[in-house]
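See below for the structure under consideration.
So you know, we letter chains A, B, ... as the sequences are listed, proteins then strands, and number each from 1. These numbers were taken from a predicted model, which means no experiment stands behind them.
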Protein chains: 2
Amino acid sequence: MKRKIRQERESEIIEGFYQLAKEVGLENASIAKIGKHLDMPPSLIMHYFPSKDLLIQDLIRYILENYQLIYEPIIEHINVAGVLDVHALVERLFSREWNLLFDDGVFYSCYAMIFRDSSVRGAYKELHLALRKTLEDILNQDVDQAQKNTRQLAEQIFVVVEGAYYYLAMIDDEREYQEKLNFFKKQVLDLLESEVDADMRK
Amino acid sequence: MKRKIRQERESEIIEGFYQLAKEVGLENASIAKIGKHLDMPPSLIMHYFPSKDLLIQDLIRYILENYQLIYEPIIEHINVAGVLDVHALVERLFSREWNLLFDDGVFYSCYAMIFRDSSVRGAYKELHLALRKTLEDILNQDVDQAQKNTRQLAEQIFVVVEGAYYYLAMIDDEREYQEKLNFFKKQVLDLLESEVDADMRK
DNA sequence: TTATATTGAATGAATATTCAATAAATATTT
DNA sequence: AAATATTTATTGAATATTCATTCAATATAA
C-alpha cells in the first residue's frame, strides 16, 4: 500500500498548485507558496516532484483531463434519447460549467507555454484533437448530422467555440456578455442546422 | 531636447523587453536580464519605469499597437481600387506577416493577465473592438458587403480568425498547417461571399 | 546652476533546490 | 507473532541565486 500515499500526496499537491495558480496566477505560484497553501514543507513537494518543471507538466495534464468532462451530459443524453439534441449541445459547449471545470487564467498561462515548449504544445494539440474527435463521434450518432461531413463540421464548430471563449473573457458587463454569448451560440447553431450541400456532404 | 532622450530610452527599453520576452518567455524576462540584453544597468531601467508593473503595462501597449498594423495594405488597396478584394482581405487576415508583427507567445502570456488585471483586460478589449470596427469600416466601403450587416459580419469573421490562430499555433507540421489554414480561409470566405438573407440584412 | 541621465554597489525578500535527521510504514527474518 | 531491517514519508534548516527595488555618487545636458 505504499503506492497509495504517494498517489494521494501527488494529486493533493497538483490540485493545491492549480488552486493557488487560480488565485495568484501561475507565474506567482511558487513552491514555497504551494507549501504554505497546503500546510506542507516545500521539501516534501520536492520529494514528490523533484523539479518544478515536472510539477508544471503534471498541472497541464490535470487541466487537460478536466477539460474533457464537458461532453459527459451530452453523451449521456444521446445514449438515453437515441437522438442528438442540437440545442442542448450548443448550450453545453457554451456552458459556464465549462468555466467551472477549469480556470481560464491558468489555462491560457499554460497555453502560452506551447510557443517555447514542444511537449506542452504536443499535449495541447492532443487535447484539441480529442475534443474534435469526440464531437465528431457524437454528430455521427445523429441521423441528420451523420449525413454531413462531420469531421469538418466539428472543426468549424470548435473554431467558433474557441474564438468565442477567447473573446468573451474580455467582457465584464453581464448584459453584454449574454448578448455576445447568444450571438456565438447562433453562429454554431447555424452550422449545425445548415442543409447538406455539395461541400458539406461526406 | 531632454524629452527626446527620455522617449528614446523608454522605447529602447520596451523593445528590448519585448525582444527578450520573445526569446526566454515573459515570466523569465527580469529587469536584470533586460539590462544585460541592452547593456544597461538595471537601475537605469528603474529610472524610466519605477516599477515592473509599469514596464509590463507599456509592453502591452506596444504589442497592441503593432497588432493594428495588419490592415494597412488592405486599406491602401481599397483606397486605390475603390473596391474590396475579398480574397486579398482573407489572405491578409491569415497572413504570416501578422505573426511577424508580434510574437504569439508574448501575446498570449499578456492575454493570460486579463483574468487577474482589469486594466490589461480593458486594453485587450479595446484592441479587439478596434480591430472589429476597422474591418466593419472596410466592409462598408464595398458595394456588395455594405448591403449586409457589416458589424455582425465583422464579428463573425474575427471569431473564426481568432479561433484559427489559437489552433494553428499548435501545429508543427508544415503540410498540416497549410491544410488547416486553407480550411479556415474558406470558412471566412464563405462568410464574405454569403448572400444577403433575412438576418444578414442591416 | 539646475535638472536629468547614468552608473555601480547594496538591499532584503523570494526563488528552486539540497541535505541531514527523524518518523512512519512495509518487508524480512527470527 | 515478535523483532529486526529496509524502504518511504516527513520535517526543518540551509544553500546559492535571482528577484525588484533603493541609494548615493557622478556625468551630461539645459
Note to self: Under 4.0 Å, counting only non-hydrogen atoms across every strand here, what does B/S43 touch: a base, just sugar-phosphate, or nothing?
What the structure shows: base

Next item on the list: Indicate whether OP1 or OP2 belonging to D/dT10 is found under 4.0 Å from a side-chain N or O atom of A/Y48.
Entry: yes

Next item on the list: Respond yes when some side-chain nitrogen or oxygen of B/R9 is under 4.0 Å from OP1 or OP2 of C/dT6, and no when none is.
Entry: yes

Check: To the nearest 10 degrees, how far apart in direction are the end axes of the helix from C/dG12-D/dC19 to C/dT30-D/dA1, each fit to five base pairs?
Finding: 10°

Note to self: I need the CE-C1' distance between B/M40 and C/dA9, as an integer number of Å.
What the structure shows: 19 Å

Item checked: A/E8 CD - C/dA25 P separation (whole Å) -> 13 Å

Notebook entry, point to check: A/D39 CG to D/dA9 P: how many Å, rounded?
Noted result: 19 Å

Next item on the list: Respond yes when some side-chain nitrogen or oxygen of B/S30 is under 4.0 Å from OP1 or OP2 of D/dT18, and no when none is.
Entry: no

Note to self: Could you report the tightest heavy-atom contact between A/I78 and A/I138, atom names first, then the distance?
What the structure shows: CD1-O, 3.7 Å

Checklist line | Side-chain donor-acceptor contact under 3.5 Å, A/E174 with A/Q178 | finding: yes

Note to self: If you only use heavy atoms from C-beta on, which nucleotide in D/dT21, C/dA25, C/dA5 is closest to the side chain of B/I31?
What the structure shows: D/dT21

Notebook entry, point to check: B/D53 has an atom CG; how far is it from atom P of D/dT21, in whole Å?
Noted result: 7 Å

Note to self: Can you confirm whether B/R121 is buried at CZ, in the sense that more than 12 heavy atoms of other residues, nucleotides or ligands lie under 6.0 Å from that atom?
What the structure shows: yes

Check: B/L54 CG to D/dA20 P: how many Å, rounded?
Finding: 14 Å

Checklist line | B/R151/B/E155 salt bridge by N-O under 4.0 Å criterion | finding: no

Checklist line | Rounded distance (Å) that lies between atom P of D/dT22 and atom CD1 of B/I45 | finding: 15 Å

Notebook entry, point to check: Under 4.0 Å between a Lys/Arg side-chain N and an Asp/Glu carboxylate O for A/K133 and A/E136?
Noted result: no

Checklist line | Basic-acidic side-chain contact under 4.0 Å: A/E23, A/K33 | finding: no

Item checked: Proximal nucleotide (of D/dA9, C/dT17, D/dA20) relative to the A/P42 side chain -> C/dT17

Next item on the list: Using whole Å, report how far NZ of A/K36 lies from P of C/dA13.
Entry: 13 Å

Next item on the list: Using the test side chain to side chain donor-acceptor pair (under 3.5 Å), find all partners of B/S119 that sit at least two apart in sequence or belong to another chain.
Entry: B/D117

Notebook entry, point to check: Within less than 4.0 Å of OP1 or OP2 of D/dT18, is there a side-chain N or O belonging to B/K33?
Noted result: no

Notebook entry, point to check: Nearest of C/dT15, D/dT11, D/dA20 to any side-chain atom of B/K52?
Noted result: D/dA20

Next item on the list: Among D/dA9, D/dG12, C/dA5, find the nucleotide with the atom closest to the side chain of A/P41.
Entry: D/dG12

Item checked: Whole angstrom value for the distance that separates P of D/dT17 from CG of B/N28 -> 18 Å

